[in-house]
Structures are given as C-alpha cells and as structure tokens.
2 protein chains.
Amino acid sequence: MAARVFAIRSLAGHLKARYSLDRDDLDGIERLNGTARSFEPNQYLLREGDRPKYCSFLVDGFVYRHKIVADGGRQIVSIHIPGDIIDLQNMLLQEADHNIQALTAATVLLFPHEEVVALAFARPAVGKAMWRETLIEASISREWIANVGRRDARERTAHLICELAMRRESAGLGPREAYELPMTQEQLGDALGLTAVHVNRTLKALQDDGLITRSKRSVAVNDWERLRAVADFTTNYLHLGQG
Amino acid sequence: MAARVFAIRSLAGHLKARYSLDRDDLDGIERLNGTARSFEPNQYLLREGDRPKYCSFLVDGFVYRHKIVADGGRQIVSIHIPGDIIDLQNMLLQEADHNIQALTAATVLLFPHEEVVALAFARPAVGKAMWRETLIEASISREWIANVGRRDARERTAHLICELAMRRESAGLGPREAYELPMTQEQLGDALGLTAVHVNRTLKALQDDGLITRSKRSVAVNDWERLRAVADFTTNYLHLGQG
DNA sequence: CACGCATCCAAACATATGATAAGCTGATTC
DNA sequence: GAATCAGCTTATCATATGTTTGGATGCGTG
C-alpha cells in the first residue's frame, strides 16, 4: 500500500529532525513504553467524555478529531498526518472534549501519559519540544477559526489544500505539488464548515480555473502561487522553523 | 471604576486557586520578575510577526487576539478576562502568528519568557499548571471552530454569551446572570464570524425571546437554562475542575 | 452649546451557501 | 454479471446572512 512507504519511523527520529536533543533526551524517548496499535478506517481512537491514559504518535495513515453539535452536525477540528503526536492535547486534562477517529487505516504508537509527563520534566529539552508541538497545534486551530469564520468557500477550501500540502512536505512525506487526500467531500465539508454539495461545487470551480486537479482521492496543485494567493495562505502559523 | 473591583491579585494567587502547589512552587512564582504595564483601549500588546519576549498575566480589563485575512476582514480568535495568562501561546514559538489587542483599558503583568520557562521545568507542578492552561485555551479554540463552522448565528451568539458568563464566574469575577460585556457589535461580529448588522438582528431576537437583556455594554441572562439549550453549551470543554 | 464621531438600529435588497432530489460512476459482493 | 452501495455530480429551489444605506442616539471635545 502506497501510504506505507511514507510511514514515520519513530517518535525519537521524528523529534530529532525538528529539535536539538542530546543523547540522553533521545534515550529517554526511546525507553518510553510504546505499544503499536492499528485502527480500521472510521474506527474511534477516543470518544468525547473518555478519560484517555495514552498519548498516541501517528506512524501511518490519517486521523482526525471532531465535535458533534446539537443538531447532529459535525465539525472536524483537526486533521493529522504521520509524525503528529495526536493526543498531547488531552494529556493534562481529565476528560476528552472531542472525538478522535481514523480517517484511513492507521497505525499509532501509544505511550502512557505518566511516562510522557515524567520524561517531559526529567528532560526539559524533550518537554519543551512536546509543549511546543501542542502550541503549534493551537496555532493551527486559530488559523482554522479565521478560515471558517472569515473566508468564503473558495478561499477556505484552497487554504486547507495548501495547509495539508505544506505540512506533508515539511514532515518529509512527499512533495506539495501532488498528494493523496483520502477524504470524502462530506468529510471535507465537515472540516470546512460547508455541505458536501458545496464542497463539490467549490472543488470543481478550483479545477475549472486550473488551480488544482483532482483524481480519485488525491489532489494535484497545478499552480501553487495562484492557489496560495486565492487561499490567503502563509506558512507562518505552522511555525516550521527549528524549535 | 467598576472593573477594578474584580481585578485579580497575583499570578500565584490565581494559580493556587486551581492547582495544588506547594510553598516552593508559590515562592518560585512570586520571585518571577513581573512588571506591571497598562494599555489603553484598542492599544496593541503584540502584533503578528513580532518576536515576543514576555508572557502577560491579565490583571484587569479585557484583551482579545485576532487575525486579519486577505480582504481586510478580521477574526477574533480569543477573548481574555482577568486571570488569564495571555501569552503562554507564544512562549516557545519564535514569531507571533496573531495580534493581541486591548479591548478595554487593561493592566497586565509581564514576565520574561526565559524566567517562566526555567521555573516551569524547575518546579514541575508549576510547569504542569501552565502547560495545562495552554491546553485549555486550545480546547476553547476547538469549540470556537465548531461554533463558527456548524452553528447558526443565534446559537453562536448565545454560545459566546454562555462561555464568557461561565468563565467569568469560574474566575471569581462575578455571577453569570449578569455581566459587563464591553464589546461593540462590530467586535462581537468579528468574534462570531458575522457582520455587525447581523449581530444586531440576532441580539434583538434573543432579547425579544426573553433570553437575555442588553443595556449599554452589559448582558443579563434571564433564563440560563433556555439560553444554554439554544447555545448547545456545555462546560466540559472549559475543563473547570481542579488540575 | 455645537459639532464630530462612534455605535446602534432598522429596512430593502443581493448573494453565498444550504436543502433536496435525481442520475451517474465505480468498486465490491454474491 | 446482476445487484448493491458509497460517493460524486448536477440542477432547482430555499434561506440565512451579507451589503448598503440612512437615521437615531449618545458621548467627548473644542
């Protein structure tokens, strides 16, 4: 399966690429008791109200987090790609305030909260790296608020395509010009605050304008600069630089 | 001035109320080099692109954070009340990805980043408390995504009124049944992803239905339970319990 | 007191997006 | 290879929200 080619190796390896960690820091990470676990597409990793005991590091596949509102509507609040530490958000909170679900088949490594917290404070460089990861996620959430709140469907959709392209590239998962995007239009709508029908219209318009090409479950960006401009996309909120 | 009555005393005092910290933890916090600083209404505390060197603890007044999109539209991404640590979000990031601005006259205490980080890792209980505060903020951001993405104007507006009521009450700033809300309808619109005109319509509708009463710059909640139901509001995402 | 300015409010009209429905495609199953 | 099913596509119609405008109100400043 194609996705497997890009699977991330290990938490230590991934953090090492972005933070300056010494031998002891890396040893600490490698000594964490990680358990691999696989999930089917659509399977829940965690439900709102649960009391999670593990952080999960996403090795392979896509995962997303979402909330359900009163009328049954669903809002996806984040999308995760291999290399993301999915569950640091819940680490110091008691009760999950959202659901986490597998988008595709996915493999994660589970690490017990207590061990991760203990390591974070025993090895401050590791703690800072993890804390920083949670802050970057928060930054992405803020951008999503602006995206959903103040951009129209066309800008919004283009923005999501740019963001995922950039995050994938930055995680070493492949070039931003074309990538696998295994989301249905319904799911895209739930991420963008739109209906599936309108996502369809919008994607078609972007394609007719020569900005992107869609095939089955992947996107090609034909004109990155123009798409970027339409989306009002910048990379600053992703904080891609070294920590 | 009325707001001053509710001013928060100190960072140590505020954290002590929510976290179990021992004498050394509190000493560490009190020994931080905090500088008081006042801001005029609308004055910027920080601009996108700045490289902040201080965390700010909000003692008095209201502050908000926002982003500007391509067409000049503005999206408020968070609203802060006394007791909030405004700038932990930027602490481990280089460059601010959003603006921070005073809503009313405001007083903050500034603490140098390095000192705060050093304390966080010297006194893990303090570090956990601060980290947790940033995670709660992230949780609120997620709820805002859902609010703007999947709730209509009426629900959205009611939700914001409930959230601020609850957060104020929980911070010990007064009862949730009535409170000062010194935001213009334009600013409310920027927070809700609506236009000022539509905020006006929506507030009027909520008032006509007997849910709230507005006077000058404050709100009274006439029927908390009904407003809560309209808003689809729950407190779980605020994580009000002890850390 | 007069003036300017921000805010609130209301009405008329415009439009982006939602809702519903129906047909189409391609994969999977028996 | 027929049947089924999920997802995509397109069209029509409905509506929530935006846009524009103008007037009322209140407040600070000269």
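Reminder, nothing fancy here: chain letters follow the sequence lines and each chain counts from 1.
- Summarising the geometry of A/Gly210 relative to A/Asn222, their closest heavy-atom pair is O-CB, 3.3 Å, with the distance given to 0.1 Å.
- Side chains of B/Ser78 and B/Arg65: a donor on one and an acceptor on the other come within 3.5 Å.
- For A/Thr195, taking side-chain heavy atoms from C-beta onward, the closest of the listed nucleotides C/dA19, C/dT17, D/dT17 is C/dA19.
- Toward the 5′ end of DNA chain D lies the nearest nucleotide of B/Thr202, the other residue of the pair B/Thr202 and B/Val197 mapping further downstream.
- Looking at B/Glu163 and B/Tyr237, their side chains do bring a donor and an acceptor atom within 3.5 Å of each other.
- In this model, a donor atom of one side chain and an acceptor atom of the other lie less than 3.5 Å apart for B/Glu143 and B/His159.
- For the side chain to side chain donor-acceptor pair (under 3.5 Å) criterion with A/His66, the lone passing option out of A/Gln187, A/Gln101, A/Glu48 is A/Gln101.
- The bend of the helix from C/dC1-D/dG30 to C/dC30-D/dG1, defined by the angle between the axes of its first five and last five pairs, stands at 40° to the nearest 10°.
- Residue contacts shown for A/Gly73 are absent, as no nucleic acid heavy atom lies under 4.0 Å away.
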> Using a cut-off of 4.0 Å between protein heavy atoms and nucleotide atoms, how would you tag nucleotides 22-30 of chain D 5' to 3' with B, S and -?
Replying inline: ---------
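- The side chain of B/Arg154 contributes no N or O atom lying less than 4.0 Å from OP1 or OP2 of D/dA16.
- In this structure, B/Asn200 reaches the C/dC9 phosphate: one of its side-chain N or O atoms is under 4.0 Å from OP1 or OP2.
- OP1 and OP2 of C/dC8 both lie 4.0 Å or more from every side-chain N or O belonging to B/Arg214.
- On a pure distance criterion of 3.5 Å, a polar donor-acceptor pair joins the side chain of B/Arg201 and the base of D/dG18.
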